Undergrad: 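Take a look at this one; I'll ask things after.
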Amino acid sequence: MSSVLASGLLCGLWAFIAPFIGLLTWAGFAGCTTFFAIGNSGVTGLVKAMLCNITGFGCGLLIIWLSNIIAIPQSAAIFSGIVTSLMCLIGKLKMINYVPGIFIGCFSTFAANGNG
């Protein structure tokens with residue numbers, strides 16, 4: 001029950017504070033989703049969730065960057081496919097072995113138009 005109350009309090013606090021400091025409220029909830037879905041509690045789960053989301057953020061930026069500098073038809077689709085394969089491969093590393101968390105970081109990057 002304490003995790004339920006702590007989650008509610010922290011998410012409510014985040015929703016209140018995020019707009020004032022220029023951050024996206026929904027992105028914080030995406031990060032919380034990763035934390036709870038991983039199933040590891042405490043600092044270990046928090047670190048893994050953050051590393052997965054940050055890795056996904058980097059992958060999203062890589063897709064956007066490659067699509068902008070290499071002007072070929074359907075570049076976003078091509079680089080999305082290539083980097084998605086890379087995301088699945090790097091998800092084999094122990095500290096970031098939760099691929100859905102990497103995907104959450106990546107799609108959050110797209111939703112924020114690359115603004116982190």
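If you're wondering where the values come from, they're calculated on a predicted model, not measured in any experiment.
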Undergrad: Could you tell me the separation between the SG atom of Cys52 and the CD1 atom of Ile38, rounded to the nearest 0.5 Å?
TA: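 Here the interatomic distance stands at 5.0 Å.
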Undergrad: According to a hydrophobic-cluster definition based on side-chain heavy atoms being under 4.5 Å apart (Ile, Leu, Val, Met, Phe, Trp, Tyr only), do Leu66 and Ile78 belong together?
TA: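 Per the 4.5 Å side-chain linkage, Leu66 and Ile78 are co-clustered.
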Undergrad: What pair of heavy atoms forms the shortest contact from Gly42 to Phe35, and how long is it?
TA: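 In terms of heavy atoms, the two residues are closest at O-CE1, 3.7 Å.
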Undergrad: Would a 4.5 Å heavy-atom cut-off, applied to side chains only, mark Ile70 and Phe79 as touching?
TA: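 In contact.
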Undergrad: Would you name the heavy atoms of Cys106 and Cys59 that are closest together and state the gap between them?
TA: SG-C, 4.3 Å
Undergrad: So, taking the atom named CZ in Phe110 and the one named CG in Leu61, what distance separates them when rounded to the nearest 0.5 Å?
TA: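 Going from CZ on Phe110 over to CG on Leu61, the span is 9.0 Å.
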Undergrad: Can you find a heavy atom in the side chain of Lys92 that is under 4.5 Å from one in the side chain of Val99?
TA: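 Lys92 does not reach Val99 side chain to side chain.
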Undergrad: Once you round to the nearest 0.5 Å, how far does CE of Met87 lie from CD1 of Ile82?
TA: 13.5 Å
Undergrad: Any link between Phe29 and Ile17 through a network of hydrophobic side chains (Ile, Leu, Val, Met, Phe, Trp, Tyr) touching at under 4.5 Å?
TA: yes
Undergrad: What is the minimum heavy-atom distance between Ser80 and Ile63, and which atoms define it?
TA: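 Minimum heavy-atom separation between Ser80 and Ile63: OG-CG2, 3.6 Å.
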Undergrad: Pick out which of Leu46, Asn53, Val47 makes a side chain to side chain contact (heavy atoms under 4.5 Å, CB included) with Met50.
TA: Leu46
Undergrad: To the nearest 0.5 angstrom, please state how far the CD1 atom of Ile102 sits from the OG1 atom of Thr55.
TA: 5.5 Å
Undergrad: Would you give the length of the straight line joining atom CD1 of Ile64 to atom CG of Asn113, rounded to the nearest 0.5 angstrom?
TA: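 Answer rounded to 0.5 Å: 7.5 Å.
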Undergrad: Is there a path from Ile54 to Tyr98 through hydrophobic residues (I, L, V, M, F, W, Y) whose side chains come within less than 4.5 Å of each other?
TA: no
Undergrad: With side chains defined as the heavy atoms from C-beta onward, is the minimum distance between Thr25 and Pro19 less than 4.5 Å?
TA: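 Thr25 vs Pro19: side chains touch.
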Undergrad: In terms of hydrophobic clustering (I, L, V, M, F, W, Y; side-chain heavy atoms under 4.5 Å; direct or indirect links), are Trp65 and Val83 co-clustered?
TA: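 Yes: a chain of side-chain contacts under 4.5 Å links Trp65 to Val83.
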Undergrad: Is there a side-chain contact between Trp26 and Ser108, using heavy atoms and a 4.5 Å cut-off?
TA: yes
Undergrad: In this structure, would Leu24 and Phe107 fall into the same cluster of hydrophobic residues linked by side-chain contacts under 4.5 Å?
TA: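 Leu24 and Phe107: separate clusters.
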Undergrad: Say you draw a straight line from CZ of Phe16 to SG of Cys11; how long is it, rounded to the nearest 0.5 Å?
TA: 15.5 Å
Undergrad: If I compare all heavy atoms of Lys48 with all of Met95, which pair ends up nearest, and what's the gap?
TA: CG-O, 3.4 Å
Undergrad: How close do Ser67 and Ala76 get, counting heavy atoms only, and between which atoms?
TA: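 For Ser67 versus Ala76, the nearest heavy atoms are OG-CA, 3.2 Å.
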